[in-house]
Colleague: 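Right, I'll just put the structure down here and ask away after.
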Amino acid sequence: MAGAAARYQDGQTATVHDVCVTVTGDDLLIVGAEDTVLARWPLAAVRRTGLAQDTSALRLGLGHGPGARLVVNDPATIAVLNGRCPNLDRKPGKEPGWWKPYAIWGGAAAVSVVLLFTVIIPTFARQAAHWMPVEWERALGERVEPQVRRLMGGDYCGHGDGLQVLRGVGAQLAQAGGYDGPLEIRVLSSDTANAMALPGGRILILKGLIDKADNPNGLIGVLAHEIGHVKERHALTGVMQSSVTAALLSLLLGDVTGGTALVILGETLTSASYSRDMERDADQFAIETMRENGFDVQPLATLLKKITGGADNGPIPQWLSTHPATDARAARIDAAERAGGAALTPGQWKAVQTVCG
Amino acid sequence: MLDATGNAPEQASEARRESFSFHGRRWTLFRMLVKYAFLNLITLGIYRFWAKTHLRRYIWGSLELDRDRFEYHGTAKELFIGFLIAVAVLFGLSLVDTGIREGIAFGGGGVPYLLEGYGLIYSLILFSLFQFAVYRIWRYRATRTAFRTIRFNMDRAALGYVGESLKWTFVTLLSLGFAYPYAQAALARYKLNRATFGKTGVRCDLTARDLYKRFLLFYVPSLLAYVAVIGVVGLAVLGIPEIRQAIEPEVGVTLPEVMSFDVAYLGPLMWGGILTAFLIVMVLYFFYRLYSYEVTVSRTRIADIPLVASNVPKGRLLAMAALSIVLTALLISGIGGGFAALTALSTSTAAVFSVWHYAIIGFVISPLFIGVIWKTVFGVALLQHLSAATAVIGADRLDAIVQAADSGPTHGEGFADALDVGAF
């Protein structure tokens, strides 16, 4: 090929030299003013450095990365060079072992993330919850309680002996479960069928739950379950887990589009999973302490089914739900030894049922 | 200066004016963006470093000046490493923060406002990190950009930038926003005066005076709109009885009646008012930003080579932005309508997925496409028009620029990525 006109930038200055390029043997010869050879590029090493979509010019370099550039605008020359350069669009060669840093760091990162979510965060949260001084936890509980009251509605109930009965049985269960920390049981006159354990040993039982229970052992089973939460300081653990999980997830997912949604989703999923574990532990605590005290635990299963209306977790998929599926819980409770009698005498049960007047 | 014959030197009339031009095609970009959106989703975002690198190579490589194109030399590996470093630091920081917060919440009962005070300090720390990331993002991209084989660079002055940002943010807040052009000019000068092209320095002489008149044109109406909105919202919340009586004489003063009145009349008025005010502010700000670009570039030069930017078609760009928003709204309605249809189907036919699954999928997928539409429709228009409006005077003098040795940081943008700074 006779010399063709092109433009050359040598990588040292921004000057654009008008050059003549020829193909000699296996090389591309770049000749500048006064026939000085500015560069000699092996054809096999010539790469396209411009965009493939740029049809106005062929921009070439030696190898990849910064350096000298040759720009060809003449279509005929472009065609020739396209033919003569065999590796124009070859991707940069990967040096042997290129994958090692990715595999090592990527693998380490993946393992760390998994470890963090499944082991480290729950353990950290649990340990921190246990180390937390009881007074601090109680302070948190005191701050949370008014909000819960406002949410659930209703006032505290204390009519007759009902509260004393519950507290007495509660103390029995706590002792059976090896818990000797603060425990304060209160009843709220809300019609929702629920009970909750707040940080600091405070347990709120809602009247709706008492109304729904046909058998006193059902209610006492729920009480035992909540005491389980109190003993393991689940409320506090949950709070800590959520905040750390959310922080880590938003870091990892960065600004990927849909990232915020993924973070919320991820946080909900992991929280739900941690929560299901805690619920299972509390169920186990209930089963064991009820048995220790010689109470029949089966009515708890009945009450759970009744509360959820038998519709399992409703429209919420199992993996999103904060509680294990009711059927599964009931099955575990049923599988526990069936021996046992009533937790309350009829008189005590009557007192509890009328605690809200 | 005149020469011996009393004529002005030839140089002035010879100074060649060369405009930039952007050759990126919408269709190419759209295909890339869609592909990367899906890959990002599947890899939970890890792919984004490769996606950004490919996108930048395309965009930089589509920008042309005087028959030569820009080049992007960054690699995904650099971004990924930067990210890992930032995550490690930020995670440590958030652990410390969580610890301090829990400690204060439970144990620091004695000291008043301790939590609020700490919150303020933490916000300042985050703000500083953000500004740090802003400077670093500019520096990384500058050092990975080359024109005619010569690389750009910026001084290692990120910490100074943090200081300047803090100072000017404080001043702007104190002045109720009226010092903003001073802040804007100072920070632009800070970055540009520390930039180099090869061994040649970049110089920016932007002052607040260049910006102030246009700033007032944007800011004063925006303030008025803001005040008006506050007024309307205040009225709605306080519910002045006289106004109520005037509009609907039968309405009583019990809480349910007041609330239903508010919802019926003031609700739409309030939301309509807020939306209108918001749109006005956005449009004014849009024009101001484009004007700022023109002025900033026109006060910038590379040694003795001035840059100039003028006649950016602001109206046309506003139309493109509006078009993007309309298309996005249509897309969201389409997806919403799709869900409604699928939900109706799923209750009558025993569908595999519950409505929750659809909601989650939609929630995750639509942001993908919102970004794609915006970049393809508006982003390309912006690049095209800003390029065409920007020019270099005396392009031949670029020949004198010499390469510099410093090749810049080895990894990039980790904090910017982790803190969500920047789009491309």
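First the proteins, then the strands, lettered A, B, ... as listed; each starts at 1. Bear in mind that the values here come from a model prediction, so they are computed numbers and not experimental data.
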Colleague: Which bit of B:Asp66 is near chain A, if near means a heavy-atom gap under 4.5 Å: side chain, backbone, both or neither?
Modeller: backbone

Colleague: By a 4.5 Å heavy-atom criterion (distance strictly below it), what part of B:Tyr58 contacts chain A: side chain, backbone, both, or neither?
Modeller: both

Colleague: Atom CZ in B:Arg69, atom OG1 in A:Thr49: separation rounded to 0.5 Å?
Modeller: 11.0 Å

Colleague: Is any side-chain heavy atom of A:Asp54 less than 4.5 Å from a side-chain heavy atom of B:His23?
Modeller: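 A:Asp54 vs B:His23: side chains apart.
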
Colleague: Please state whether the side chain, the backbone, both or neither of A:Ala52 comes within less than 4.5 Å of a heavy atom of chain B.
Modeller: neither

Colleague: Other residues, nucleotides and ligands only: do more than 12 of their heavy atoms fall within 6.0 Å of CZ on B:Arg25?
Modeller: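 Counting other residues, nucleotides and ligands, CZ of B:Arg25 stays at 12 neighbours or fewer.
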
Colleague: Search all heavy atoms of A:Gln12 against all heavy atoms of B:Thr149 and return the closest pair with its distance.
Modeller: N-OG1, 4.4 Å

Colleague: Do you know which two heavy atoms are closest between A:Leu51 and B:Arg57, and how far apart they sit?
Modeller: CD2-O, 3.7 Å

Colleague: Below 4.5 Å from any heavy atom of chain B, which atoms of A:Val16 appear? Answer side chain, backbone, both or neither.
Modeller: both

Colleague: First locate atom CD1 of B:Ile150, then atom CG of A:Asp10, and finally report the distance between them rounded to the nearest 0.5 Å.
Modeller: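 B:Ile150 atom CD1 to A:Asp10 atom CG measures 7.5 Å (nearest 0.5 Å).
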
Colleague: Counting only non-hydrogen atoms closer than 4.5 Å, does B:Ser62 touch chain A with its backbone (N, CA, C, O), its side chain (CB onward), both, or neither?
Modeller: both

Colleague: Go through the atoms of B:Arg67 and report whether side chain, backbone, both or neither lie under 4.5 Å from a heavy atom of chain A.
Modeller: both

Colleague: Minimum heavy-atom separation for A:Pro66 to B:Arg151, with atom names?
Modeller: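 Looking at all heavy atoms of both residues, the closest pair is CB-NH1, 3.6 Å.
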
Colleague: Within a strict 4.5 Å, meaning less than it, do heavy atoms of the A:Gln9 and B:Asp68 side chains meet?
Modeller: yes

Colleague: Are any of the side-chain nitrogens in B:Glu71 or A:Arg59 under 4.0 Å away from the carboxylate oxygens of its partner?
Modeller: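 No, B:Glu71 and A:Arg59 are not salt-bridged.
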
Colleague: Which atoms of A:Ser56 come close to chain B, meaning under 4.5 Å heavy atom to heavy atom: side chain ones, backbone ones, both, or neither?
Modeller: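 For A:Ser56, the side chain is the part near chain B, not the backbone.
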
Colleague: Side chain, backbone, both or neither: which part of B:Ile401 has a heavy atom under 4.5 Å from chain A?
Modeller: both

